[in-house]
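In each ligand, atom 1 is the first atom listed, and ligand 1 is the first ligand listed. Along the sequence shown, the residues carry numbers beginning at 1.
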Amino acid sequence: MPDALYYTINVVNKVNTTIAAVSTPNAAGGIGIIRISGENAVGIADRCFKNISGKSLSSMPGYRAAYGSFFDESGDIDDGVAVIYRAPKSYTGEDVAELCCHGGLFVTQKILRLVYSLGAVPAEPGEFTKRAFLNGKMDLSQAESVMKVISAQGESALKAARNTLSGNVSKKVNAVCSQLVSCSAALAAWADYPDEDIPAVENKKLGETLEDVRLSLQKLIKDYDAGRSVTEGVNTVICGKPNAGKSTLMNLLTGYERSIVTNVPGTTRDSVEETVRVGDIVLRLSDTAGIRNSSDLVESIGVEIAKNKIENSDLVIAVFDSSEELSKEDIELIELCKNKTCLAVINKSDLPCAADVEKIENSFTHHIVISAKTDDDTDKIRSALESILGAGGLDFSGEILAGERQRRCCGNALTYVENALSALGAGLTVDAVNVDIDCAIDELLTLTGKKASEEVVSEVFRSFCVGK
Ligand code: GDP
């Protein structure tokens, strides 16, 4: 059972309210769900729902649904179903009532306002999941993966998020943490009670355990980094001189006309942000103005933005027009792309080739020849991206950290473990080694939330939507 004790002590007074929110999207749909959680959830539901069988919701056990109608003092509002969950067997660990009505914007808001008037308070973003964490239904790493499930854009991202939600990452992190705790306890006992007959911790054994922990943490980080293109998306910039075919390529990837495509050089003036999925890889794309020197002010601003974007992106897709000789701008782009993770796209393969393709191929580790306009080369692009970003062979049913916060904790823990190993190798005192081990333990406890500060918990739930 996850242990949210440290944090619970700080916030124990804040969770005795009954909260409510619309849990379905803020749009018209077949069904709308108003979720209520807390001590008075079922009582509140009872005061606005007439069960067709005449039985009150309060008299019902958990995991039961009732058909009836929602009403206020002026009469019936809508027909629907009320689903009851009883603490602790609910998502939040509290009593929960889910009122399912027709999914109109007005009707859901009307029932929500009614629920507020009967004593519920508006739920904050992620508050249902936060309560699940505080009530020990899941740890922090699982809570984070809830949002990953919701925002997953592909099969592998969903698989990774569901795995974390099921507790795989927590299990792995807890196991690593236990190894460190055993080391720390043995070192502390030996150092603190020199007169007792406690056997000295063998440096060799300690070194082996720390090495084992180091490898586990490294693997967690490596797999997360390799899978990041799938689970988080890659900050990508498409660049190339005007008319190279950037917008056409982007439209091919997005599947619809997002950028303005024209054969007048310099038409793509603003950066247009777009998220696209190529296979399982998610690219956060921006289509930029062509790289060229221009006396046109607006275009120049675009070019500066492009140069900046190259510097700040994780991946550059450099587009070249193979039907024209390489220009000064093309050469400049090749220079700018040095030391960046890049895919060179040699475009317009349907036209006679006039460019020095060999020069492009020699300048980029990864390059493909395509016709963005006439062929559907998305498979070619996908496999090139998979091999660049290393997401190809990754097993998403393994332990994949759910987000940057978890990676940061793992990275910090790894640094401390490496420091401990160095201290051990340098023959420093047991105390010095143990300080680093304890810091590594703290980082892992922060990751799972067993020892998370209010600030960390807020960071996690800040990104949630209301109603989850
Ligand atoms: P951008 O300025 O780099 O965004 O270039 P665009 O995508 O606007 O394309 C410029 C022109 O080249 C348009 O007329 C496109 O239809 C054309 N174009 C783009 N890709 C190809 C291609 O693969 N083959 C041919 N023949 N024309 C292309």
Side-chain angles (χ1 to χ4, degrees), residues 234-276 278 283-311 313 315-337 340 342-361 363-364 366-385:
V234 191
N235 192 7
T236 306
V237 63
I238 299 185
C239 43
K241 69 182 176 192
N243 251 3
K246 299 179 295 297
S247 310
T248 311
L249 174 66
M250 183 143 158
N251 291 336
L252 174 70
L253 295 177
T254 56
Y256 65 101
E257 300 273 315
R258 182 68 179 83
S259 318
I260 311 152
V261 180
T262 114
N263 56 6
V264 181
T267 348
T268 318
R269 295 190 166 184
D270 300 313
S271 281
V272 184
E273 299 280 342
E274 189 84 37
T275 301
V276 293
V278 186
L283 301 179
R284 291 200 304 274
L285 283 171
S286 59
D287 181 359
T288 60
I291 302 280
R292 64 168 194 168
N293 297 319
S294 167
S295 53
D296 178 332
L297 185 66
V298 182
E299 184 67 37
S300 314
I301 291 168
V303 174
E304 270 316 302
I305 292 174
K307 284 186 177 172
N308 254 329
K309 290 228 170 201
I310 289 180
E311 262 162 46
S313 66
L315 172 73
V316 181
I317 298 180
V319 186
F320 298 92
D321 180 348
S322 65
S323 71
E324 285 183 3
E325 282 185 27
L326 290 185
S327 63
K328 201 166 113 273
E329 294 81 15
D330 288 321
I331 305 296
E332 196 183 326
L333 176 59
I334 292 174
E335 282 303 308
L336 281 172
C337 287
K340 292 290 307 180
C342 279
L343 172 64
V345 174
I346 302 161
N347 190 32
K348 307 198 185 180
S349 63
D350 55 303
L351 298 178
C353 182
D356 181 355
V357 169
E358 216 176 294
K359 177 164 176 65
I360 304 173
E361 290 180 345
S363 307
F364 292 87
H366 302 276
H367 41 79
I368 49 171
V369 178
I370 66 160
S371 168
K373 187 176 177 179
T374 58
D375 299 334
D376 184 358
D377 281 323
T378 40
D379 274 354
K380 217 184 230 180
I381 301 169
R382 179 185 47 75
S383 57
L385 291 175

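Those atoms of ligand 1 with a heavy atom of Leu351 less than 4.0 angstrom away are 26 (N). Residue Asp350 has at least one heavy-atom neighbour below 4.0 Å for each of these atoms of ligand 1: 22 (C), 23 (O), 24 (N), 25 (C), 26 (N).
Counted by atom type alone, Thr248 and Asn251 present zero donor-acceptor pairs between their side chains at under 3.5 Å.
Heavy-atom minimum distance, Leu249 versus Val319: CD2-CG2, 3.9 Å.
Proximity of Asn347 to ligand 1, defined as any heavy-atom pair under 4.0 Å, is confined to the side chain (atoms from C-beta onward).
We find the CD1-CG distance between Ile368 and Leu343 to be 4.5 Å, quoted to the nearest 0.5 Å. A distance of 5.5 Å separates CG in Asp321 from NZ in Lys241, rounded to the nearest 0.5 Å.
The shortest N/O to N/O separation between Gly245 and ligand 1 falls below 3.5 Å. In terms of polar-atom proximity, defined here as any N/O pair under 3.5 Å, Pro242 makes no such contact with ligand 1. Here's the thing with Thr374: none of its N/O atoms is less than 3.5 angstrom from an N/O atom of ligand 1.
For atom 21 (C) of ligand 1, the candidate residues are Lys246, Met250, Lys241, Lys373; the nearest heavy-atom contact is made by Lys373. Atom 4 (O) of ligand 1 has its nearest heavy-atom neighbour, among Ser371, Ser247, Ala244, in Ser247.
Of the possible donor and acceptor atoms, none in the side chain of Lys246 sits under 3.5 Å from a partner among the backbone N and O of Ile238. The backbone N or O of Lys380 lies less than 3.5 Å from no partner atom in the side chain of Asp377, so there is not a single donor-acceptor pair.
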